[in-house]
Number of protein chains: 2
Amino acid sequence: MARERYHHGDLRGALLDAAETLVRERGTDGWSLREASARVGVSPSAAYHHFASRDMLVRALSERVLAWLGERLRHDCEHAPGQEDDPQRRLIALGRSYVTWALDDPAVARLVLRGGATGPDSAITPHPHDVLTAELDRLTAAGALPEPAREGAEFVVWAALHGLAVLLADGLVRFDDPHAVTLQTERVVRTTLNGLAQEASHAAGRPAGRSAHTERLARVDLTLTQRQPPSMGA
Amino acid sequence: MARERYHHGDLRGALLDAAETLVRERGTDGWSLREASARVGVSPSAAYHHFASRDMLVRALSERVLAWLGERLRHDCEHAPGQEDDPQRRLIALGRSYVTWALDDPAVARLVLRGGATGPDSAITPHPHDVLTAELDRLTAAGALPEPAREGAEFVVWAALHGLAVLLADGLVRFDDPHAVTLQTERVVRTTLNGLAQEASHAAGRPAGRSAHTERLARVDLTLTQRQPPSMGA
DNA sequence: GCTCCAATCTGAACAGTGTTGAGATGTGAG
DNA sequence: CTCACATCTCAACACTGTTCAGATTGGAGC
């Protein structure tokens, strides 16, 4: 596995690859920078010309995977089975893609989902969160999600899906039947959307058209975390 | 800080305390066993008479906190503001307690919520998950949650609440107004419950009383993870 | 009271870690 | 062909988790 040329060519990418498979083999912390370097056939200190620290390596990997996940979600929305025009079907496809990924690649998912550096901003495109909000907009435009319930709705849906994904990736819950994951994911999305719709219709029944409760919620200023992109990474 | 007696008396507890404050100061991995030992005024190897490894220390701490959280949730259900007879109010109080804790003590929450050893089983009493299911049962008994929707409902609610808590603890979302957290939590719980109720009523409208979809969901075998309790830890 | 065992803790050591800095080795622009 | 610069190596640093032989102690049984 020793390379012949002194210069590696793409050491950065190779280190990210090695780190990714190491995460898969032994989790986020079950490996060392030295080991990743050794796998690539390079001295430990070589890595420091591409990443400021081990943490930065992990963060860069996290961002790489996150961007890939964004692509995957978007793709699976576009190619939702059945009618991809139905915005609700699209959202279910998104949820399924998200959760399935977390379950199929749990070690990497654990790394990425607890966001050491996965705050929505960075140069990550498309960020999974953006894909979700776009789908909710589409849902609203199609009339499937009432206007009054739209504000902050991405947060409710995100929490539910994220919770599901994290619970599965962490192994806190487990399904015997792999198909059950799909069903539960679908149920979570449907339940959440139904709940959101009903909340809005309740509000519409009130005198002012929107209840005081909904009104206050609308004023909630949901600020997504700003994080520095790794200086040498990404 | 050096103790006078050779035997510490309660080194185990003292190490757990030190670990807890270290987690709070520098996160799950930002400290060493040696440092925790030093804080307690004891040699590093002393810790190994109480915990098989550093990991076991962390796991034991996780379980201690988890049990404490269970107590907290149960307490906050019992003493729900307003009418503690209203099962929906109780569940909202539970959600509030859960999420608020994650936000107020994020470092410890991060440690505990990703469950290295927090699978519902162990000797943890009361386990937060059990408190949740008990509340859902109460909700069903009161008629606020239709029978057909009860099965697996704890999973939907848990996912939503857990997702919210994890997103906040990980700093993936942030609210400017601290009160907004309360509102969003309430919204998440309400939305989920409404969604579950509506799902059931939809099903009731069908010929067989339960749709094929609900029928399949009912057969989902939700298995909670079984994990070994740490051999030397509690 | 004393004895003696088992629990508890210490000290020194091991291999392995992240990280640094000085120097070797190539590469591509001029 | 040269030479500056990016890339990589080597050796070293302080520190980590962990082990184990031996010192220290509290308490049970006499």
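Below, read A as the first sequence line, B as the second, and so on, with proteins coming before strands; counting in each chain starts at 1. Because only heavy atoms are used, hydrogens play no part in the values below, and waters and symmetry mates are left out as well, while side chains stay in.
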Where is the tightest heavy-atom contact between Arg90(B) and Ala80(B), given as atom of each residue plus distance? CA-CB, 4.2 Å
Hey, can you tell me if Phe175(A) and Phe155(B) have their rings parallel, tilted or perpendicular (30° and 60° cut-offs)? perpendicular
Taking [atom1] from [X] and [atom2] from [N], how many angstroms apart are they, rounded to a whole number?
X	N	atom1	atom2	value
Phe51(A)	dG18(C)	CZ	P	14 Å
Asp10(A)	dT7(D)	CG	P	11 Å
His49(A)	dC5(D)	NE2	P	16 Å
Tyr48(A)	dT20(C)	OH	C1'	9 Å
Arg54(B)	dT16(D)	CZ	P	11 Å
Leu57(B)	dT18(D)	CG	C1'	14 Å
Glu35(B)	dG17(D)	CD	C1'	14 Å
Leu11(A)	dG26(C)	CG	P	16 Å

His8(B) side-chain N/O to dT25(D) phosphate OP1/OP2 under 4.0 Å: no
Heavy atom of residues 13-34 of chain B under 4.0 Å from DNA chain C: which residues?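 Within residues 13-34 of chain B, the residues near DNA chain C are Arg34(B).
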Would you mind reporting whether Leu33(B) and Pro44(B) have side-chain heavy atoms less than 4.5 Å apart?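 A side-chain contact under 4.5 Å is absent here.
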Do Thr185(A) and Leu161(A) come within less than 4.5 Å of each other through their side chains, counting heavy atoms only?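 With C-beta onward as the side chain, the pair touches.
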Could you check Arg54(A) against Asp29(A) for salt bridge (charged side-chain N to carboxylate O under 4.0 Å, His left out), going step by step and ending with a plain yes or no? CA-CA 10 Å; Arg54(A) 201 201 103 117; Asp29(A) 292 317; 3.3 Å; yes
Cut-off 3.5 Å, no hydrogens considered: what does the side-chain donor-acceptor table look like for residues 99-107 of chain B, sequence neighbours left out?
unit_1	atom_1	unit_2	atom_2	d
Thr100(B)	OG1	Arg96(B)	O	2.6
Asp105(B)	OD1	Arg24(B)	NE	3.0
Asp105(B)	OD2	Arg24(B)	NE	3.3
Asp105(B)	OD2	Arg24(B)	NH2	2.8

